[in-house]
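Per chain, numbering begins at 1; letters A, B, ... match sequence-line order.
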Amino acid sequence: EMKIGILVPTTGSEATYGQDMANAVDLAIAEINAAGGVLGEQLSSVVGDDGCDPQQAVNAASKLASSDVTGIVGGYCSGATVPTLKIFGDANIPFVIAAANSTKLIPANPGNAFMINSTGNDQVAKAIEYFTANGVSSLAIVNQGDAYSQDLADLTKKNWEEAGNTVPAFEVANKGEQDYSAIVTAIRSANPDAVFWTAYYADGGLLIRQLRQAGYQGKIAVGDGSNSPELFNIAGSAADGVVGFSNPTAEFLPEAKAFIADYTEANGSAPGPYAPLAYDGMHLLAKAIETAGSTDAEAINAALAASDYTGIAGQITFTPENTLARSNFVVLQGKGGAWTLAE
Amino acid sequence: MAQPRSNAFNNIIAQFNEPWKRYTAFAVIIALLLIAPISLGPYATVILTNALLYVVLALGLNVVVGYAGLLDLGYAAFFAVGAYTVGILTHTFGLNFWVTLPVAVGAAVVAGIVIGTPTLRLRSDYLAIVTLGFGEIVRFTARNLDITGGASGISGIQQPWLFGWHINTPFEFYYVFVVLAILAVIVSVRLQNSRLGRAWLYVRHDEDAAEAMGIDTVRVKLAAYVIGAIFGAIAGAFFAVNLGAISPESFSFQQSVLILMAVILGGMGKIPGVILGAFIVVLAPELLRDMGEFRLLLFAVGLLLVMLFRPSGIWPVRGK
Amino acid sequence: MSVLDIFLQQLVNGLVLGSFYALVALGYTMIFGVVKLLNFAHGDIYMVGGFVGFLILSVIAPIVGPGWTGVAISMVVAMIAVGFLGVVIQRVAYQPMLNAPRLSILITALAVSLVLQNGVLTLTHGQYQPMGADLGFGGINLGLLFISHNQMILVGTAAALMIGLELFVSRTQYGRAMRAISIDKDMCRLMGINVTAVIAVTFFVGSALAAAAGTMAGAYYGSVWYFMGFLIGIKAFTAAVIGGIGSIPGAMLGGLILGLLEAFGTQIPGIGSEWKDVFSFSVLILVLVLKPTGLLGKSEQERM
Amino acid sequence: MSNPLLELAGVNLSFAGNTVLDNVDFTVGRGVIASLIGPNGAGKTSLFNCITGFYKPQSGSIKVDGHELMNLKPHKVTQAGIARTFQNVRLFQQMTVLENVMSGSHCRSKAGAVSAILGLPSQRREEAMIRAHAIECLEFVGIADEMDRDATNLAYGHQRRVEIARALATRPKLLLLDEPAAGLNAGEKQGLLELIGRIRDELDISVLLIEHDTGMVMKISEHINVLDHGVMIAEGTPKQVQANPKVIEAYLGQEDGEDLL
Amino acid sequence: MLQLEGVTAGYGRIVALNGIDLKVETGAMVTLLGANGAGKTTTLKTISGLVRATGGRVLFEGEDITQTPAHEIARRGLVHVPEGRHVLRGLSVRENLELGAFTVKDPALRAKRMKEVFGLFPVLEKRQHGDGSLLSGGEQQMLAIGRALMHGPRLLLLDEPSMGLAPKLVIETMQIVKRLHEAGTTILLVEQNARLALKLADYGYVLEGGHIRMQGEAATLRADKSIVQAYLGE
Ligand SMILES: Nc1ncnc2c1ncn2[C@@H]1O[C@H](COP(=O)(O)OP(=O)(O)OP(=O)(O)O)[C@@H](O)[C@H]1O
Ligand SMILES: Nc1ncnc2c1ncn2[C@@H]1O[C@H](COP(=O)(O)OP(=O)(O)OP(=O)(O)O)[C@@H](O)[C@H]1O
Ligand SMILES: CC(C)C[C@H](N)C(=O)O
Ligand SMILES: [Mg+2]
Ligand SMILES: [Mg+2]
């Protein structure tokens with residue numbers, strides 16, 4: 001029997017997404033086992049809960065690292081994933097990072113981590129492309145002061161300004177703050193063509209709602225931390241027309257029909273935004289082990305680096321920095337309380 | 001007070017009143033600490049390392065809260081000062097860790113004096129909010145500045161060398177923290193039994209009477225503050241090189257609260273109690289790891305029950 | 001927007017936010033005033049208030065509609081229910097600790113806070129619950145300045161509750177008894193004051209006010225979640241201290257000041273919203289250094 | 001009195017417009033036992049608080065051995081050689097009698113954090129010295145047997161003695177006692193009288209006493225000052241004061257007062 | 001009016017009262033004497049409900065109040081002025097007095113009593129807006145007695161009212177006690193100053209180590225020099 005570690009938050013505010021990813025990995029494992037396992041061995045999983053908190057992530061990662069696992073799939077919160085890189089690096093365990101995509105992960109990677117979600121750089125490129133095409137020249141950026149959203153906000157600002165545009169308002173909100181009126185006023189007084197929220201859906205929903213309530217009429221865009229359908233619950237009708245940059249979620253992936261059905265059957269609910277990536281990540285890892293022909297970490301790492309695998313979320317090949325070679329970002333748009341493809 | 005309810009534990013502790021029994025107990029504990037990683041494996045080693053880190057932090061906060069009676073809700077700030085000083089100086093400026101360590105201590109002393117001098121005259125509840133505010137100011141500043149790496153913090157901090165030995169693996173760090181914790185205990189014990197240690201108690205029990213006895217209460221309180229800050233900064237420095245990555249999230253209000261919890265849960269002012277408290281706040285959530293969603297709920301309920309049954313902390317009040 | 005527009009708009013924002021802070025700070029201060037306890041669970045009482053309001057509204061919305069009537073009814077029910085919860089918490093968790101070292105009670109309060117937070121977390125799986133109130137988007141437009149009806153109703157309700165409390169406390173012997181109890185419980189008993197009852201009433205009223213704020217916040221911001229009480233708990237504590245902890249008018253003043261500080265702090269030229277908390281905490285420290293017992297707190301002289 | 005030990009001149013103290021001490025001049029000689037008496041609220045305790053730095057008089061001068069004490073913090077005053085007890089006993093709770101008394105030596109010793117952490121020999125010697133001195137003080141007041149008990153668990157009369165021992169441990173030149181006999185029974189009062197006498201005779205410490213037990217005051221004092229409404233209305237030997245009509249009027253009352261009942 | 005039957009009480013393991021029998025008739029003034037630590041204060045606390053009796057019964061106006069909560073007992077008109085004044089810090093003199101009349105609902109009656117108290121203790125009127133705890137020791141004692149009078153007591157328990165008072169004030173305070181008694185208030189007085197107490201009271205009890213050692217008409221006790229010597233150290 002071969003063990004696979006899953007590093008995701010299963011408690012705390014991000015628990016739903018973590019659980020969702022864990023379920024997807026388990027689904028993949030079930031399929032692999034049904035098909036005879038890897039190197040003739042059956043797979044099993046161990047979950048490490050990082051709680052989306054760096055300290056807890058270190059504990060969880062150490063637990064996984066000492067549980068005799070062959071590889072790890074997971075990583076949702078960038079802030080919690082960064083300090084685990086050294087642990088898995090020291091223990092020399094291959095780590096497929098399924099969701100976390102801050103560019104700060106790249107320099108901290110000791111070489112055994114592989115990011116299969118497009119990074120912030122790709123997202124910024126997509127965002128700028130979209131804004132430019134839609135006549136936006138002044139952009140307000142709002143982040144939440146955590147590793148992921150600050151990184152995305154900084155990158156956007158830098159590239160946006162280099163492209164000759166302006167950022168008349170660059171704001172930070174604290175997680176869990178319910179009242180955004182002061183920021184809304186600051187944005188309204190700067191009167192930008194668009195507002196870009198780079199953080200998670202929960203607070204994003206509140207911001208969108210309050211922006212619209214206060215009469216802001218420009219465009220509103222959100223990053224891939226807000227691609228959850230929950231956004232519409234929180235923002236209500238104010239989220240109509242909101243644009244989101246995201247990896248394609250399951251319903252927009254033509255190859256994912258079977259996955260959606262299987263997942264829903266196994267878990268009683270539809271897969272969330274990062275389930276497809278987690279599912280692909282597991283299959284990718286299994287393939288790499290198979291290719292390596294042994295559980296030797298160096299061999300698996302080499303196999304991962306050389307992967308060319310097409311999963312339900314598209315093709316996975318890596319850059320020399322172990323990041324996804326292509327950009328997987330698409331533009332979504334809120335319509336009638338759900339995301340639709342904008343392009 | 002509500003002590004008689006749990007006499008069994010008191011009785012066990014009372015067994016160790018004789019010095020030779022106590023020293024034997026110490027020896028056994030230290031021996032257990034030394035062999036723990038070998039028998040428990042790497043995961044337990046990391047968790048124990050973390051527990052030892054909290055021992056140092058809690059003993060430091062204990063000087064401030066337990067000895068001098070100053071309620072500090074922002075202790076993580078000093079922890080942060082130590083971690084960031086080392087992080088910035090080694091990572092960004094490439095200095096040797098051992099050179100940056102005294103700088104970190106110096107920075108903590110300065111921070112302690114800067115925040116302590118104007119505010120130590122405040123009554124304890126007001127001091128609580130000032131320290132909370134100070135802690136948040138430090139965290140927000142770390143989050144907003146470039147030199148501190150913003151919200152992502154600093155990663156890739158190099159592990160130190162000691163006489164040609166690269167302290168690198170979790171096991172090695174474990175032993176480093178064993179040494180730190182033992183030093184922290186020794187320093188705490190010596191301080192507690194010193195003139196300064198008694199002065200803290202006097203100030204804590206009756207400030208006016210202490211003044212009347214010729215004790216410069218402001219100075220004595222400041223000393224507690226600064227010494228607490230030094231403990232925190234040293235813990236922070238080693239925390240930074242151990243993890244290799246630091247970020248503002250590690251120095252939040254919740255962190256301060258957790259350390260305070262360790263101090264009070266075990267028994268404020270009592271060194272074995274504080275150590276016990278530190279182990280509990282680190283180990284309990286880990287032991288409950290398999291409870292999934294219910295983990296923190298169970299921890300909270302447990303905490304509540306402990307406080308209700310042992311209002312003065314788990315460790316018994318000194319027997320007379 | 002002209003500078004004046006911005007100023008006025010931030011003033012309105014600050015008042016609304018400050019009203020929430022003040023309502024929660026009141027409970028903080030009342031409870032501190034009576035049992036000298038920094039009730040760290042108070043923010044979570046606010047959160048539970050939001051959830052109770054949410055539950056009631058989901059039940060009654062089909063009957064009375066999701067407008068202000070529904071919200072008002074939910075708020076009143078939430079106030080009563082959470083008021084009792086406050087009393088129960090006091091009885092179960094704090095009463096047995098009244099003679100324990102003060103810091104121990106602080107940890108008990110933290111434990112209660114964690115229990116409430118993680119209890120709701122477990123029940124809701126950490127999900128936001130949309131409140132489903134429909135309060136409309138109407139308001140008055142004064143040039144670029146916009147004040148919604150909701151904001152007016154909210155500030156009005158908060159003010160009414162606070163004035164009611166102030167009258168209750170100053171017009172009845174209760175206010176004096178409240179202060180007296182914190183000083184010398186035995187002496188109060190000898191004067192015929194039912195100490196347990198006064199403490200219970202204090203927890204009831206303090207918790208009810210937090211529940212009112214929680215329900216209003218849920219309706220106004222549109223959703224509730226298990227962690228919504230954490231930050232406001234810290235902010236309310238701060239507000240109570242700025243005003244002078246133990247002082248009821250102080251809590252109101254402190255809440256408003258903190259709300260305004262945060263609103264204006266967001267827009268200080270040169271430094272942006274990321275520094276607003278540094279700004280307000282610095283003001284807090286400055287206030288305390290200059291006036292060690294808060295703005296309206298009485299300095300406590302002690303005789304030798 | 002030439003070259004007095006304590007000398008107050010023109011001390012004024014008021015709180016929010018309430019005059020508590022009105023231009024008080026007052027001296028205590030060397031090697032004497034003196035008393036300060038006066039009606040309740042006259043300002044006696046306030047005067048002690050001014051001397052020891054707890055209250056800041058609006059004007060005046062307070063000198064001990066020629067050193068100005070005005071505007072010194074209380075701990076500096078203690079270092080300058082004045083020790084006190086409190087009207088309501090204020091011992092350090094949950095600390096033993098010995099630990100309580102050791103607090104008095106703080107201002108006569110100097111070891112700091114560093115020497116304590118390193119356990120330097122000088123620090124150890126000093127610790128032994130502090131302890132020995134505290135025990136000496138306890139022996140002097142006669143309660144050395146109780147030294148390991150929790151101070152606040154002692155009988156009231158013994159608590160008062162601990163307070164005196166603690167004050168003696170600061171090695172004062174002048175000891176201020178605020179109503180030391182309040183709440184003591186007749187036997188304990190007698191013991192206290194003897195103790196005060198020995199403090200002066202054997203330790204050569206001057207004593208200034210506030211006390212309402214006139215019997216005791218008259219028996220022990222060599223010099224008495226009478227304060228009324230913040231004004232010094234009389235001073236002199238017990239005999240002189242006892243006969244002074246102003247004092248009778250303001251403080252003592254008719255000698256046959258009891259018969260009015 | 002008040003009767004104690006075999007009352008025992010203590011603090012944790014310490015037994016302070018060891019079967020006390022005591023009786024106060026309506027309209028009487030009874031004094032309770034004894035050396036330090038004899039249990040006088042504990043007796044009063046047990047009567048007023050601050051300390052729970054571990055055995056025996058306390059009857060007030062024929063009703064068993066052994067288990068009645070302290071505030072209930074106070075409401076019935078049994079008012080205890082505790083040892084050490086217990087002036088409420090941070091509250092003004094006036095507020096302290098107002099609180100004394102906590103159970104009096106009629107504002108006119110409260111005002112009337114306030115006037116009476118100010119008549120007895122003019123200092124209190126002068127300082128009515130100041131913080132009660134900043135009064136001098138003697139002034140605080142007056143406030144404590146005044147506060148009890150605000151309540152309109154039927155039975156007044158006084159614990160060492162003369163402690164810390166100037167000689168002249170001792171007499172004055174005792175005169176007030178006497179007047180209250182003459183006006184019909186029943187009084188149980190604890191005093192260190194045995195001579196004075198026995199002079200005022202009708203009946204006396206002498207307490208030692210938690211037992212009643214002696215009792216009798218005040219005049220008889222006063223006459224017995226040996227008693228005064230042995231138990232009261234005068
Ligand atoms: N901190 C203070 N603030 C305001 N007034 C004060 C303060 N301290 C003392 N007083 C007032 O000063 C006056 C003198 O008080 P003090 O305590 O000195 O009297 P005393 O002579 O010691 O009386 P006693 O014999 O009753 O103890 C009193 O009226 C008291 O109310
Ligand atoms: N809170 C307490 N805890 C423990 N023991 C107490 C407490 N209060 C009183 N005692 C003890 O109970 C006994 C009786 O005390 P009590 O106060 O009733 O005496 P008293 O006669 O009033 O003496 P005094 O004249 O000194 O006021 C004493 O031995 C005392 O030490
Ligand atoms: C949207 C998510 C992929 C972002 C992730 N939570 C991170 O921190 O990188
Ligand atoms: Mg006095
Ligand atoms: Mg007594």
Side-chain angles (χ1 to χ4, degrees), chain B residues 1 59 63 66-69 105 109 112 121 183-231 234 267-270 312 317-320, chain D residues 48-49 52-54 73-86 89-96 98-120 123-124 126-127 129-130 148-153 163 166-167 169-172 176:
Chain B
M1 267 151 265
L59 284 173
V63 171
Y67 293 167
V105 169
V109 171
R121 286 172 303 135
L183 283 178
V185 171
I186 293 174
V187 169
S188 288
V189 171
R190 294 222 162 143
L191 283 173
Q192 187 178 27
N193 297 329
S194 75
R195 169 177 173 271
L196 185 59
R198 279 191 309 274
W200 286 329
L201 291 186
Y202 301 140
V203 170
R204 176 172 120 202
H205 287 309
D206 188 337
E207 219 176 308
D208 290 325
E211 269 282 346
M213 289 305 106
I215 295 169
D216 186 344
T217 53
V218 172
R219 203 188 146 110
V220 160
K221 286 198 276 186
L222 200 56
Y225 223 62
V226 166
I227 291 174
I230 294 175
F231 271 70
I234 293 178
M268 206 173 71
K270 291 165 273 184
S312 308
V317 186
R318 90 181 147 175
K320 253 176 252 152
Chain D
F48 269 23
N49 284 337
T52 49
F54 284 98
K73 294 243 211 121
H75 64 94
K76 293 274 181 204
V77 175
T78 309
Q79 278 166 20
I82 298 182
R84 73 175 291 179
T85 65
F86 294 92
V89 175
R90 290 180 82 160
L91 291 175
F92 301 112
Q93 284 160 25
Q94 292 158 28
M95 299 182 81
T96 65
L98 184 66
E99 284 168 329
N100 261 279
V101 177
M102 283 163 82
S103 70
S105 291
H106 190 93
C107 63
R108 305 287 173 224
S109 48
K110 56 182 190 300
V114 176
S115 54
I117 291 169
L118 299 178
L120 297 181
Q123 186 255 359
R124 284 160 191 245
E126 193 179 87
E127 277 297 297
M129 185 277 286
I130 291 172
D148 290 325
R149 288 188 56 192
D150 206 329
T152 40
N153 282 350
E163 243 200 348
R166 187 175 72 174
T170 67
R171 303 177 196 267
L176 309 180

Relative to chain B, which segment of Ile130(D) carries a heavy atom at a distance below 4.5 Å: side chain, backbone, both, or neither?
side chain
Let me know if Thr52(D) has heavy atoms under 4.5 Å from chain B in its side chain, its backbone, both or neither.
neither
Contact leader toward chain D among Asp206(B), Leu191(B), Val187(B), where contacts are heavy-atom pairs under 4.5 Å
Asp206(B)
Proximal component of Val218(B), with respect to chain D [non-hydrogen, under 4.5 Å]
side chain
How long is the span from the CD atom in Gln94(D) to the CG atom in Leu201(B), to the nearest 0.5 Å?
9.5 Å
Results of ring pair (Phe, Tyr, Trp, His ring centres under 6.0 Å) for Phe48(D) - residues two or more places apart only
none
Relative to chain B, which segment of Glu126(D) carries a heavy atom at a distance below 4.5 Å: side chain, backbone, both, or neither?
side chain
Which atoms of Ile227(B) approach chain D - backbone, side chain, both or neither, heavy atom under 4.5 Å:
side chain
Against chain D, work out which of Ile215(B), Asn193(B), Ile186(B) has the most heavy-atom pairs shorter than 4.5 Å and name it.
Ile215(B)
Ala223(B) portion near chain D, given a 4.5 angstrom heavy-atom threshold:
neither
Any idea which of Gly104(D), Ala113(D), Gly53(D), Gly112(D) has the most non-hydrogen atom pairs under 4.5 angstrom with chain B?
Ala113(D)
Donor-acceptor contact below 3.5 Å, side chain Arg198(B) vs main chain Met102(D)
no
Results of side chain to side chain contact (heavy atoms under 4.5 Å, CB included) for Ala184(B) - residues two or more places apart only:
Val56(B), Leu59(B), Phe231(B)
4.5 Å side-chain heavy-atom contact, Thr78(D) and Met213(B):
no
